[in-house]
Undergrad: 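Sharing a structure here in structure tokens format.
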Amino acid sequence: MDNSVKDKIRKLLTQVIQKREELHSQSEPLKNLVISRPKKKEWGDLSTNLPFVLSRQTHLSNHQVGQVLREELKSCRLFSRVEFVSPGFLNFFLSSFYLQETLKGIVAEKGEFTRFSLGENRKVQVEFVSANPTGPLHIGHGRAAAFGDSMANILEKVGYQVEREYLVNDVGGQIQRLARSVIARLRELEGKSFELPKDGYQGAYLVDIAGKLREKLGKQLSQEKDEKSFLEMVANFTIEEILKWIREDLREFGVSFDLWFSESELHRSNELLQAISYLKEKGYTYMEDGALWFKTSSILEAEEDRVLRRSNGEYTYFASDVAYHLNKLKRGFYQVIDIWGADHIGYVPRMKAVAQALGYPRGALRMIIYQLVTLKRGGQKVSASTRSGEFIPLKEVVREVGKDAARFFFISRTGDSHLDFDLDLAKKQTPENPVFYIQYAHARICSIMKKAREKGIELDDLLGANLDLLRTSEEKTLMVQLALLPDQIKEAAENLEPHHLAGFLEEMAGQFHYFYTRHRVISENRDLTLARLFLVEAVRIAIADVFQILGISAPQEM
RNA sequence: GCGCCUGUAGUUCAGUGGAUAGAAUGUCGGCCUCCGGAGCCGAAGGUCGCAGGUUCGAAUCCUGCCAGGCGCGCCA
């Protein structure tokens, strides 16, 4: 646990600054301190810009600061070498001692090695997907699902208690339109004249639901005279059916939720009215044109005021979202994280203003926006719209390319960028497809371990391995990569950026294949064999560990 | 018109204010007696959208343009 190399180095640097008077300064030297991975091997395994930073704050030159730091650190057993390089970098070469400790740690502790206590067991909530129950999940929801679930896993890994939540928007005009669309399909099935509502849902998937509805509730429906009850019956049935699809699609995608929260519950429980009157009491509302408005502008100048209750007396979706967020915030989470698609971008300042109006600190509510997905097939872009019925369902994509490839593609780049999802590439079972490349490394290692067992070497025998024998640059590269894994995970959690893990895996798989083609793991030399098996087993554990976070399977054979 | 996101190799994309800007893929050329060739190596490929500014140092920060995406409802 808490195996961050960077934290260890940061601590050492802090100690040196405290110890050496000439390095003292008024400002906080570590604020601008960066410890990063240099671009070139000869610049060490890790490097810091601290000489730059400190020289600005003291009367010393980059060079002088660097030499002082080097003197103090060069005998640390964390490093084999510490070098100052002009113009102002301090480069660290990790010691064999530390790299071997890392290997032993990984093999002994498995996934526990990359765990952190950072979250201090605080409760965090991640709300994601929350697709309207008006149709099956499409490709865009896939990005939300993969991203949200991986994010939740990462936060758990660094010590938070994470709750995954899906908000079901089962209220409002869209549900009315949905029900009317089903009713039209019902008439279609009965051979009557029918017309799909123009603003309704055109997708053929509603025909199935209409059929099922007729089969199950046909009699009751034909006896129902009250139009409102009729509509409600259809709506409820339809929502339930669609939610079944959604749950099933998510299950196939390896995503599950702790709580499915119904928007209608907020209406039934009176929480909506309570939330609104709370805002009223605090003076954040006013009446105009017969509607009740929220004074967004009093909190964020650039924002326009928004309607909470329409002049016809109905509450807006915004109003239920106020109630929903109050409900969430009141549950005592250290942080509530909403993961939204770019089409909700305009909503962010509004909801932040609401959280503030409700009296919660700035950091309590955090929104992550991911950009939309473009699906490509045969070089052609495919558009996605639930209402028009022209969309590629997530289920279809998952069945076509597999859960693993789909999840990998979705989290492989930052949420800030548009995602071009190339179906043809994701489907390929060749090394062009990064997920197969990485899985292949894992399977290859499993195969080596199996071979070793056939030769009479058991996992327990590895414990006696002499890791001093791992001396080649290829072995060293892998060990360094493994040593950096905990930091990688910690940083992904801090920045809420899972895509770095995908890059890390690709890199490590590449390093492994490179090593493999140059050195035999199992050879006549038993000691060397044991040492290399130890290394390779650590790599395998690391791959499986990160895959587990990303919800991707680590196959033993392919 | 206003707000947010994006613009980096032919293509898809990485890149905490740091060192000679990287990878994958594609193109071209190589490597199988041997633990999984579903792999490996090499080469070519760039005015980091454009123009200013900030500083020891800018793909990264600021300003202004240009281009694309998403928003800007008493819809959800």
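For clarity, every value in this text was computed on a predicted model and none was experimentally measured.
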Undergrad: Above 12 or not: heavy atoms from other molecules or residues under 6.0 Å from CD of A:Glu524?
TA: no

Undergrad: Mind checking if A:Ala443 touches a base, just sugar-phosphate, or nothing, with heavy atoms under 4.0 Å?
TA: base

Undergrad: For A:Asp422, answer base if it contacts any base atom (sugar-phosphate contacts may also be present), sugar-phosphate if it contacts only those atoms, and nothing otherwise; contact means non-hydrogen atoms under 4.0 Å.
TA: nothing

Undergrad: Syn or anti for B:C5? Use the chi torsion, O4'-C1'-N9-C4 for purines and O4'-C1'-N1-C2 for pyrimidines, with syn inside 90° of 0.
TA: anti

Undergrad: For nucleotides 12-17 of chain B, give me one character per nucleotide, 5' to 3': B if any protein heavy atom sits under 4.0 Å from the base, S if the only such contacts are to the sugar-phosphate, - if neither.
TA: SSSSB-

Undergrad: Base, sugar-phosphate, or nothing for A:Gln176, non-hydrogen atoms under 4.0 angstrom?
TA: nothing

Undergrad: Would you mind classifying the nucleic acid contact of A:Asn433 as base, sugar-phosphate or nothing, using non-hydrogen atoms under 4.0 angstrom?
TA: nothing

Undergrad: Would you classify A:Pro349 as touching base, sugar-phosphate or nothing, given that sugar-phosphate means primed atoms plus P, OP1 and OP2, and contacts are heavy atoms under 4.0 Å?
TA: nothing

Undergrad: Base, sugar-phosphate or nothing for A:Glu557? Non-hydrogen atoms, less than 4.0 Å.
TA: base

Undergrad: Can you identify which nucleotide, out of B:C74, B:G71, B:A19, has its nearest atom closest to the A:Arg310 side chain?
TA: B:C74

Undergrad: Quick one: salt bridge (charged side-chain N to carboxylate O under 4.0 Å, His left out) pairs with a partner in residues 424-445 of chain A, sequence neighbours left out?
TA: A:Glu400-A:Lys427, A:Lys428-A:Glu432

Undergrad: With heavy atoms under 4.0 Å as the rule, sort A:Leu372 into base, sugar-phosphate or nothing.
TA: sugar-phosphate

Undergrad: Give A:Lys40 one of three labels, base, sugar-phosphate or nothing, depending on what nucleic acid heavy atoms sit under 4.0 Å from its own.
TA: base

Undergrad: Tell me whether the side-chain N/O atoms of A:Arg56 come closer than 4.0 Å to OP1 or OP2 in B:U55.
TA: no

Undergrad: Between B:G37 atom P and A:Tyr516 atom OH, what is the distance in whole Å?
TA: 5 Å

Undergrad: Does A:Val171 reach a base, just sugar-phosphate, or nothing at all? Heavy atoms under 4.0 Å.
TA: sugar-phosphate

Undergrad: Please classify the nucleic acid contact of A:Tyr440 as base, sugar-phosphate, or nothing, using heavy-atom distances under 4.0 Å.
TA: base

Undergrad: When the C1' atoms of B:C72 and B:U12 are considered, how many whole Å apart are they?
TA: 31 Å

Undergrad: A:Glu127 has an atom CD; how far is it from atom C1' of B:A76, in whole Å?
TA: 13 Å

Undergrad: Starting at atom CD of A:Glu537, determine the distance to atom P of B:C35, rounded to an integer number of angstrom.
TA: 20 Å

Undergrad: With a 4.0 Å cut-off on heavy atoms, is A:Tyr437 in touch with a base, just the backbone sugar-phosphate, or nothing at all?
TA: sugar-phosphate

Undergrad: Name the stems with RNA chain B in them: runs of three or more consecutive Watson-Crick or G-U pairs, distances under 3.5 Å?
TA: B:1-7 with B:66-72, B:10-13 with B:22-25, B:27-31 with B:39-43, B:49-53 with B:61-65

Undergrad: Provide, to the nearest angstrom, the distance between the CG atom belonging to A:Asp416 and the P atom belonging to B:C4.
TA: 13 Å

Undergrad: Establish, with yes or no, whether the OP1 or OP2 oxygen of B:C40 is under 4.0 angstrom from a side-chain nitrogen or oxygen of A:Thr517.
TA: no

Undergrad: Just checking A:His442: base, sugar-phosphate only, or nothing, at a heavy-atom cut-off of under 4.0 Å?
TA: nothing

Undergrad: Measure the acute angle between the ring planes of A:Tyr286 and A:Trp293, then classify it against the limits of 30° and 60° as parallel, tilted or perpendicular.
TA: parallel

